[in-house]
Amino acid sequence: MRTIQHWIGGRQAAGTSTRTGTVWNPATGEHQADVLLADPADVDAAVAAASEAFQSWSQTSLSKRAKILFAFRQLVDARAQDLAEIIADEHGKVVSDALGEVQRGLEVVEFACGIPHLLKGDYSDQVSTGVDVFSFREPLGVVAGITPFNFPVMVPMWMHPVAIACGNTFVLKPSERDPSASMLVAELWAEAGLPDGVFSVVHGDKTSVDAILDHPGISAVSFVGSTPIARYIHERASVSGKRVQALGGAKNHAIVMPDADVDFASEHMVAAAFGSAGERCMAISAAVTVGDAGDGLVDAVAAKAAKVRVGPGRDAASEMGPVVTAAARDRIVGLIGSGAEQGASLAVDGRDYVVDGHENGFWVGPTVIDRVTPEMDVYREEIFGPVLSVVRVETVDDAIALVNANPYGNGTAIFTSSGEAARRFQRGVQVGMIGINVPIPVPMAYYSFGGWKDSLFGDKHVHGPEGVSFYTRAKVVTSRWPHVDNPVGASYHFPTHQ
């Protein structure tokens with residue numbers, strides 16, 4: 001049985017803990033590897049290596065940092081297929097979807113390659129007689145990322161390329177469910193010329209997470225995951241004096257107006273709800289139909305959902321793979337059943353789904369539940385599976401009110417041909433990322449990603465300009481170089497510009 005180790009000090013490391021977790025193949029249900037689960041001593045070792053590396057890395061020129069980032073970008077691009085196949089084997093998503101994940105991660109690397117421009121400061125000449133003011137940003141030190149199973153390459157790449165480009169050293173704690181991709185990424189950083197200790201990978205569970213949150217040598221923590229854990233991460237890390245960005249869960253709504261193109265809307269709705277088996281924080285899990293749009297949309301979505309090709313991730317014909325674990329499958333199936341018990345109607349039922357030749361895989365078929373109400377568990381819970389709930393309302397204002405009443409505020413979309421309805425929606429909803437005829441409005445890397453309300457704890461979103469701000473802190477310098485033959489007398493009053 002293969003055992004996945006940590007990456008500390010520029011090489012694989014077994015660490016001190018002998019605890020392990022199981023890595024499954026979701027398509028077959030097979031136990032394919034064990035992963036070491038770190039104890040606090042292993043986290044200490046990673047932080048010690050990162051602290052030592054920070055002394056020189058933080059003083060490395062911007063041009064040399066950029067050169068390493070460009071090399072890393074080239075290596076990741078060359079190994080994209082390998083990364084995608086690792087993701088398919090451990091997460092379950094289809095290879096084509098995993099390739100898209102790698103590409104979106106590369107976009108953040110490309111953004112970070114512009115670090116010489118991104119870290120330019122400001123300068124004001126002669127703010128007072130003979131006095132100049134300028135500002136610049138410095139790295140924080142050792143920073144950490146705690147990332148989820150659903151995007152084992154992309155979400156860490158929202159963090160570590162920007163953090164490292166800014167001069168920090170980075171300790172990654174990826175999901176123990178699909179850890180292998182992070183190890184290949186670590187090897188690619190080393191091949192790109194990144195000094196030992198600048199990037200480390202420590203696998204683990206709550207024990208290692210708490211060690212990261214409490215560690216006095218870590219200056220900042222980035223997290224993506226569920227809302228209860230995001231709240232916990234934010235509170236515990238903040239108490240220990242760390243800067244924190246913690247992205248939580250979501251319940252993303254897509255509003256369908258009566259004037260929307262039903263074929264267009266349903267096609268994109270199916271892809272947004274069932275792509276990656278719905279295991280996306282930006283997946284559309286609630287369709288909100290306005291007026292008489294309901295029947296037509298449900299019919300179209302149900303017909304398309306029934307045709308989704310479900311199968312193992314390495315099968316090129318597959319459009320949707322399994323969910324990540326048996327426990328995830330059982331939870332999703334239970335929520336589908338609760339919807340039916342509480343009065344919703346199943347237009348497409350994905351329970352008891354079986355893929356021939358892969359009967360032991362963790363399968364849930366595309367599911368469409370009509371006439372869902374906000375009181376039902378299937379609406380209130382973040383399902384994180386291939387389930388689309390349809391809620392019916394009378395007006396666009398009712399749809400806006402429904403979105404705003406939800407505790408989450410990650411992403412939302414509207415399908416319409418009315419500019420007035422779209423503008424009213426985009427200004428009225430209390431959500432961080434909005435799509436207009438775009439179902440999954442994930443911004444490009446040069447913008448920042450993040451939601452509102454219970455979808456974000458902390459004040460900085462990831463990557464983009466806010467990512468650079470999160471991983472650095474500003475210094476402002478006021479300087480004067482008086483002429484030795486004409487000294488200026490000191491004043492005892494509060495300094496002004498005079």
Side-chain angles (χ1 to χ4, degrees), residues 7-10 43-44 46-73 108-123 134-147 156-173 185-186 189-190 192-202 212-213 215-223 237-238 240-246 445-446 448 458-477:
W7 183 275
I8 299 173
V43 174
D44 283 341
V47 174
S51 297
E52 182 178 355
F54 176 74
Q55 302 307 314
S56 58
W57 180 247
S58 61
Q59 302 303 315
T60 300
S61 70
L62 296 179
S63 59
K64 185 171 182 179
R65 292 186 215 166
K67 183 178 180 180
I68 292 173
L69 280 156
F70 273 108
F72 176 67
R73 185 245 172 251
V108 179
V109 180
E110 291 163 357
F111 169 78
C113 285
I115 197 64
H117 171 76
L118 297 170
L119 285 184
K120 285 197 303 185
D122 296 313
Y123 189 95
F134 62 96
S135 67
F136 59 96
R137 304 192 70 85
E138 289 188 338
L140 303 178
V142 181
V143 299
I146 302 169
T147 56
M157 282 190 183
W158 285 354
M159 304 171 186
H160 59 77
V162 179
I164 289 171
C166 289
N168 301 282
T169 53
F170 195 93
V171 177
L172 173 64
K173 206 301 287 183
V185 168
W189 269 124
L194 192 70
D196 293 349
V198 176
F199 180 76
S200 298
V201 180
V202 177
I212 288 170
L213 300 182
H215 202 291
I218 295 175
S219 299
V221 174
S222 301
F223 170 81
S238 296
S240 64
K242 294 173 175 50
R243 186 178 289 187
V244 188
Q245 55 181 190
Y446 39 83
S448 297
D459 63 347
K460 296 292 184 183
H461 294 169
V462 293
H463 65 64
E466 291 189 50
V468 174
S469 177
F470 179 79
Y471 289 119
T472 58
R473 51 190 169 192
K475 277 185 176 177
V476 180
V477 179

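Every heavy atom of this structure was used, including side-chain atoms; hydrogens, water molecules and symmetry mates were not.
In plain terms, the two heavy atoms of C166 and P139 that are nearest each other are O-CB, 3.3 Å. Summarising the geometry of S135 relative to V476, their closest heavy-atom pair is CB-CG2, 4.1 Å, with the distance given to 0.1 Å. The shortest heavy-atom contact between L140 and F470 is CD1-O, 3.4 Å. Here the closest non-hydrogen pair linking P161 and W189 is CA-CZ2, 4.2 Å. Residue H215 comes nearest to D44 through the heavy atom pair NE2-OD1, 2.8 Å, listed as atom of the first residue, atom of the second, then distance. Across S448 and H463, no two heavy atoms sit closer than the pair OG-O, 2.7 Å.
Here the CG atom belonging to L62 is positioned 12.5 Å from the NE2 atom belonging to H117, to the nearest 0.5 angstrom. Rounding to the nearest 0.5 Å places OG1 of T169 at 12.5 Å from CG of D196. Separation of atoms CG (L172) and OG1 (T147) is listed at 4.5 Å; rounding is to 0.5 Å. Once rounded to the nearest 0.5 Å, the distance linking CD1 of I68 with OG1 of T60 reads 7.0 Å.
In this structure, the side chain of Q245 engages the main chain of H461 through a donor-acceptor pair within 3.5 Å. Side-chain atoms of R65 come within 3.5 Å of backbone N or O of S58 as a donor-acceptor pair. Side-chain N or O atoms of D122 include none that pairs as donor or acceptor with a backbone N or O of F134 at under 3.5 Å. Formation of a donor-acceptor pair under 3.5 Å by the S240 side chain with backbone atoms of L213 is found in this model.
You'll find the side chain of F136 stays beyond 4.5 Å of the side chain of L119, heavy atoms only. Contact check for L118 versus F111: side-chain heavy atoms found under the 4.5 Å cut-off. Looking only at side-chain heavy atoms (C-beta outward), S469 and R137 come within less than 4.5 Å of each other. At a threshold of 4.5 Å between non-hydrogen side-chain atoms, the residues L194 and F72 do not count as touching.
E110 CD: more than 12 foreign heavy atoms inside a 6.0 Å radius.
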- Task: Kindly determine whether Y471 and R243 satisfy side chain to side chain contact (heavy atoms under 4.5 Å, CB included), including the steps that lead there.
- Result: CA-CA 9 Å; Y471 289 119; R243 186 178 289 187; over 6 Å; no

- Task: Check the pair W57, F199 against side chain to side chain contact (heavy atoms under 4.5 Å, CB included), reporting the backbone distance first and the verdict last.
- Result: CA-CA 11 Å; W57 180 247; F199 180 76; over 6 Å; no

